[in-house]
Amino acid sequence: MIYLDYAATSPLNPSALEAMLPYLRQDYGNASAAYSIARQAQKAIDDARKAVGEVLGCRTSDIVFTSGGTESINTAIKGVAFAMRKSGAGNHLITTEVEHDAVLHTCNYLGQFGFEVTTLPVDRLGRVTPEAVANAITDGTVLVSVMQANNEVGTIQPVAEIARLVSERASTLRKRIPVHSDSVQAPGALPIDVNDLGVDLLSLSGHKFGGPKGTGVLYIRRGIPFVSQLTGGGQERQRRAGTENVAGMVGQAVALTLAEAQRPVYVESTTRLRNKLTEALMGRISDALLTGDPADRLSSNVSISFRGVRGDELVRALDKEGIAASAGAACGSSTWEPSHVLLAMGLGMADVVGGLRLSLSLETTDEEVDHVIDTLPRVIQQLRPIAAAG
Ligand code: PLP
């Protein structure tokens, strides 16, 4: 199989697995207990937190381990929104139309509890302008959430500039407006130093960068108003209760450290292969539209809409050819929903329907890319007459 869906998930890094094994076997102690295998577990957690802190450029005590990107995002947005409202800071949230559902549905959820949500439009390339974010701020704004890079089309948002303008605007209002970034697609591809980005909260998902599934990171800058969403034991400094997933934390930290160390070679390799794949497909297939920002995009992302085919059918046909890809749209077994990202970018339904995403990694080879370049035009040629007849 040729796997080109790394934006959906990645295989567990062998070094991460090795680092995890002792905590799944003999070193199974509960980190809260007082005997030696428990202290070992606590030391492993401390080391993992330190390693993550080095990649994010932050204090280790600002890091909360979670069960994944979705939990980090929910915890960040709800945790800050409820705390800010309680302190009388307001009830207004700002986000964008191209966020992952983990952000959009969380904001909608808060809408049911009296919060007001501004969901900003994006341009044709999927970008929101820093000025649009700053202009949306009111004296009741309590949180801005903008993703670092889009999971469907790869467009990179100007998060650092957004954070700078938000902070300026907030200080004229004599308040602090926390900025959260869903950086789930960024590790190993983009710098994620929280101070360079200027963000107050940042969410990661372990399995997107070679860590185990069911692990995530939430960075919360010291001093940001926050209430825990998972209450119980006092783990994670009262910010996320529950017995720690020691092996998961260890594996995630190893994977993140490696992803960050390999970032230059990853960017070089995936940029070259992405360009080769994009140029060949755009040259060989008619009625194809490259979606997302052609320049400011993840080096691993090829997203193209092919008119006259349905993305989900294309994915099934590619699967039969041994290629794992993703439709630019969310599809269930019987229902099909157009991609909210492509719609927000102003694409017509004919282009939205035919969205395909191929996402690469450091493991992706020239041979794999060549095979896709040979196969995809043929598959589309076969599908188009069938779709036209249907
Ligand atoms: N945010 C983005 C940009 C994503 O791509 C994803 C996963 O697809 C998530 C959030 C949610 O992460 P997870 O499904 O690992 O919880």
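Heavy-atom basis, side chains included; hydrogens, waters and symmetry copies ignored. In listed order, ligands and their atoms are each counted from 1.
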Which of the atoms of ligand 1 are close to [X], meaning less than 4.0 Å from one of its heavy atoms?
X      : answer
Met147 : 3 (C)
Ser205 : 12 (O), 13 (P), 15 (O)
Asn151 : 3 (C), 5 (O)

How far is [atom] from its nearest protein heavy atom, and which residue and atom name does that atom have?
atom                    : answer
atom 11 (C) of ligand 1 : Thr70 OG1, 3.5 Å
atom 7 (C) of ligand 1  : Lys208 NZ, 2.8 Å
atom 5 (O) of ligand 1  : Gln185 NE2, 2.8 Å
atom 3 (C) of ligand 1  : Asp182 OD2, 3.3 Å
atom 4 (C) of ligand 1  : His100 CD2, 3.4 Å

Can you tell which part of His207 has a heavy atom less than 4.0 Å from ligand 1: side chain, backbone, both or neither?
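Within the 4.0 Å criterion, His207 contacts ligand 1 through side-chain atoms alone.
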
How does Ile73 reach ligand 1, if at all, at less than 4.0 Å between non-hydrogen atoms: by side chain, backbone, both, or neither?
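The answer is the side chain of Ile73.
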
Quick one, [X] and [Y] - any side-chain contact, counting heavy atoms below 4.5 Å?
X      : Y      : value
Glu99  : Val146 : yes
Val217 : Leu56  : yes
Glu71  : Leu230 : yes

Any salt bridge between Arg59 and Asp62, counting N to O under 4.0 Å?
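Result for this pair is yes, salt bridge flagged.
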
Determine, for Arg164 against Glu161, whether the closest basic-nitrogen to carboxylate-oxygen distance falls under 4.0 angstrom.
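Yes, this pair counts.
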
Side-chain donor-acceptor pair present, Gln40, Asp27, cut-off under 3.5 Å
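Yes, side-chain donor-acceptor contact under 3.5 Å.
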
Would you check if there is a donor-acceptor pair between the side chains of Lys208 and Ser10 at a distance under 3.5 Å?
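On atom types as modelled, these side chains do not qualify, holding no pair under 3.5 Å.
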
Check the angle between the aromatic planes of Tyr3 and Tyr6 and answer parallel, tilted or perpendicular using the 30° and 60° thresholds.
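Perpendicular.
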
Look at ligand 1 and say whether Lys213 reaches it with a heavy atom at a distance under 4.0 Å.
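Heavy atoms of Lys213 never come under 4.0 Å of ligand 1.
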
